[in-house]
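What follows is a single structure, written as structure tokens, with notes after it.
All values reported here derive from a predicted model rather than from experimental measurement.
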Amino acid sequence: MSVIGQLTWSALVLLFVAEWGRCQGQTGNCKLAIDQGKESESERKLLSKLEPLASLSFSADTQDDDSFKYYFSVCGNAANTSNAGLVQINKSGIKTIIGRYTDTQIFGGSDWVILVYKNGSKYDNHCNNETRKSMVMISCNRNTIGDGFAVIDEERTKPTDCFYLFELDSSTVCPVITSKLNAGSILLIVFFSCLTLYIVGGFLYQRLVVGAKGMEQFPNYSFWQDLGNLTADGCDFICRSRARNASPTYRGVPSEPLGGEETEERDDHLLPM
């Protein structure tokens, strides 16, 4: 293979790797379906919708006596803790992993998504010392990419299946707004756009280039005048109620010629005296 061929092949490989990495994004760090061994394509597709959130970090404080602070990162190292999607830090600065993105589950609806992070640090005195689990409910809010991260509850009174619950607002889970314009509406928009462009452009041309004044500034003014007259003539031709060259009304002829008596009087001077 020539040098040019090797360089071309290397460039194609690098381009493929870069494109693949871009498509995967940071959400590719999350590991789905650890128990099943094979992740679902629908879950991966749903997770990829959260890619705009992957570059962001979120935090929230509790208002109780424990005074914990929570850090959250979608498929990233929360609070700079390896493999931790959610981290709890107490007032002494001790970190506790409450969910790892290396064991993730996701499900959702039309305008919400719930992320479940499992395999966190074990409880000390609660929930039969099982590993911690966290759930983040992401709701649709078209006004923000990601905001309103808050702690909702920590369920640790049950013997098993304890969890932390959080909420977050994001436009990434909002349904796509489909266009409600039909073909007729699109044609009308195109028609009136072209008509506006014709009138404005023609007016400027007639005024600035030709130097027309008054009604002559209207584009193709003489053509539209003739068109109006022709339209009126056509309407008159189609809608008239009688023929234009109608014969006058027939009148009966009198039995005696008009002015007969006057004729006899005029002939009296011709008789011999």
Side-chain angles (χ1 to χ4, degrees), residues 24-62 64 66 68-90 93-109 111-141 145-170 172-173:
Q24 287 291 103
Q26 190 170 328
T27 54
N29 297 331
C30 283
K31 306 301 180 184
L32 299 171
I34 299 299
D35 298 335
Q36 301 175 5
K38 184 179 180 180
E39 67 180 29
S40 169
E41 292 184 3
S42 60
E43 287 184 344
R44 177 58 63 181
K45 184 178 180 180
L46 186 60
L47 184 61
S48 65
K49 293 174 60 177
L50 306 180
E51 185 62 38
L53 294 174
S55 60
L56 305 176
S57 297
F58 306 94
S59 62
D61 297 320
T62 57
D64 52 21
D66 294 333
F68 289 116
K69 189 162 188 176
Y70 296 89
Y71 292 88
F72 168 54
S73 181
V74 177
C75 302
N77 296 327
N80 296 321
T81 305
S82 179
N83 297 330
L86 280 144
V87 172
Q88 178 193 70
I89 301 179
N90 62 14
I94 299 175
K95 294 182 180 180
T96 302
I97 299 176
I98 60 175
R100 302 179 188 271
Y101 61 78
T102 52
D103 192 351
T104 305
Q105 185 180 1
I106 185 172
F107 53 93
D111 60 352
W112 58 272
V113 165
I114 292 182
L115 275 171
V116 182
Y117 295 90
K118 303 177 181 179
N119 199 24
S121 301
K122 291 184 177 182
Y123 283 99
D124 295 328
N125 302 312
H126 305 283
C127 306
N128 289 331
N129 304 115
E130 69 179 4
T131 57
R132 287 174 168 85
K133 177 178 67 176
S134 299
M135 294 186 292
V136 182
M137 182 172 183
I138 305 175
S139 303
C140 171
N141 186 345
I145 292 295
D147 195 11
F149 181 66
V151 185
I152 302 302
D153 189 22
E154 178 188 358
E155 176 56 70
R156 61 179 183 177
T157 60
K158 299 189 300 182
T160 58
D161 201 21
C162 299
F163 61 88
Y164 295 82
L165 180 62
F166 303 86
E167 67 177 2
L168 177 69
D169 295 333
S170 176
T172 58
V173 298

message = Test your reading of the model: is there a side-chain donor-acceptor pair from E51 to the backbone of Q26, 3.5 Å cut-off?
response = yes

Inter-residue atom distance D161.CG - N128.CG, 0.5 Å rounding = 11.5 Å

task = May I ask you to test the V173-D111 pair for a side-chain heavy-atom distance under 4.5 Å?
result = no

task = Would you name the heavy atoms of V87 and A78 that are closest together and state the gap between them?
result = CG2-O, 3.5 Å

task = Find out whether L53 and I138 are in side-chain contact, i.e. whether some heavy atom of one side chain is under 4.5 Å from a heavy atom of the other.
result = yes

ask   = Around atom CG of N90, are there more than 12 heavy atoms of other residues, nucleotides or ligands at under 6.0 Å?
value = yes

task = Side-chain contact test, heavy atoms from C-beta onward, threshold under 4.5 Å: evaluate it for Y70 versus Y164 and give yes or no.
result = yes

inquiry  = Would you say NZ of K122 has more than 12 non-hydrogen atoms from neighbouring residues, nucleotides or ligands within 6.0 angstrom?
reply    = no

ask   = Which distance, rounded to the nearest 0.5 Å, do you find between the CG of L32 and the CG of L47?
value = 5.5 Å

request  = Taking salt bridge (charged side-chain N to carboxylate O under 4.0 Å, His left out) as the test, write out the residues that go with K49, two or more places apart.
outcome  = none

key: Listed partners of Y101 passing ring pair (Phe, Tyr, Trp, His ring centres under 6.0 Å), at least two apart   = none

query = Would R156 count as a cation-pi partner of Y123, with NZ or CZ less than 6.0 Å from the six-membered ring centre and within 45° of the ring normal?
reply = no

key: E167 (side chain) donor-acceptor with M137 (main chain) under 3.5 angstrom   = no

remark   = In terms of heavy-atom contacts, G120 and T131 come closest through O-CB, 3.3 Å

key: From T27 atom OG1 to L115 atom CG, the distance as rounded to the nearest 0.5 Å   = 10.5 Å

ask   = Could you give the distance from OG (S170) to CZ (F58), rounded to the nearest 0.5 Å?
value = 7.0 Å

query = With side chains defined as the heavy atoms from C-beta onward, is the minimum distance between I106 and L50 less than 4.5 Å?
reply = yes

query = Please walk me through it: do Y117 and T104 pass side chain to side chain contact (heavy atoms under 4.5 Å, CB included)?
reply = CA-CA 5 Å; Y117 295 90; T104 305; 4.0 Å; yes

Atom pair CD/CZ of E154 and F68 - distance to nearest 0.5 Å = 7.0 Å

note = Output for pair (S121 OG, I98 CD1), nearest 0.5 Å, gives 9.5 Å

query = Does D103 use its side chain to pair, donor to acceptor, with the backbone of K118 at less than 3.5 Å?
reply = no

key: Non-hydrogen atoms of S55 and P52 that approach each other most closely   = OG-O, 3.6 Å

inquiry  = Looking at N141, is its backbone amide N or carbonyl O close enough to the side chain of D169 to form a donor-acceptor pair, meaning the two atoms are under 3.5 Å apart?
reply    = no

key: Heavy-atom side-chain contact between Y71 and L86 under 4.5 Å   = no

task = Apply the test side chain to side chain contact (heavy atoms under 4.5 Å, CB included) to residues V116 and F107: give CA-CA distance (whole Å), side-chain angles for both, the deciding distance (0.1 Å), then the verdict.
result = CA-CA 9 Å; V116 182; F107 53 93; 4.0 Å; yes

query = Where is the tightest heavy-atom contact between R100 and N119, given as atom of each residue plus distance?
reply = NE-O, 2.7 Å

query = Just wondering, do I97 and T81 contact through their side chains at under 4.5 Å, heavy atoms?
reply = yes

ask   = Taking S48 for the side chain and L46 for the main chain, is one N or O donor matched with an acceptor at less than 3.5 Å?
value = no

key: F149 ring center near F166 ring center (under 6.0 Å)   = yes

query = Is there side-chain contact between I94 and I89, with at least one heavy-atom pair below 4.5 Å?
reply = no

request  = With the side chain counted from C-beta on, respond yes when K133 and F163 share a heavy-atom pair under 4.5 Å apart, and no when they do not.
outcome  = yes

key: For the student: nearest non-hydrogen atoms of C162 and E155, plus distance   = CB-O, 2.9 Å

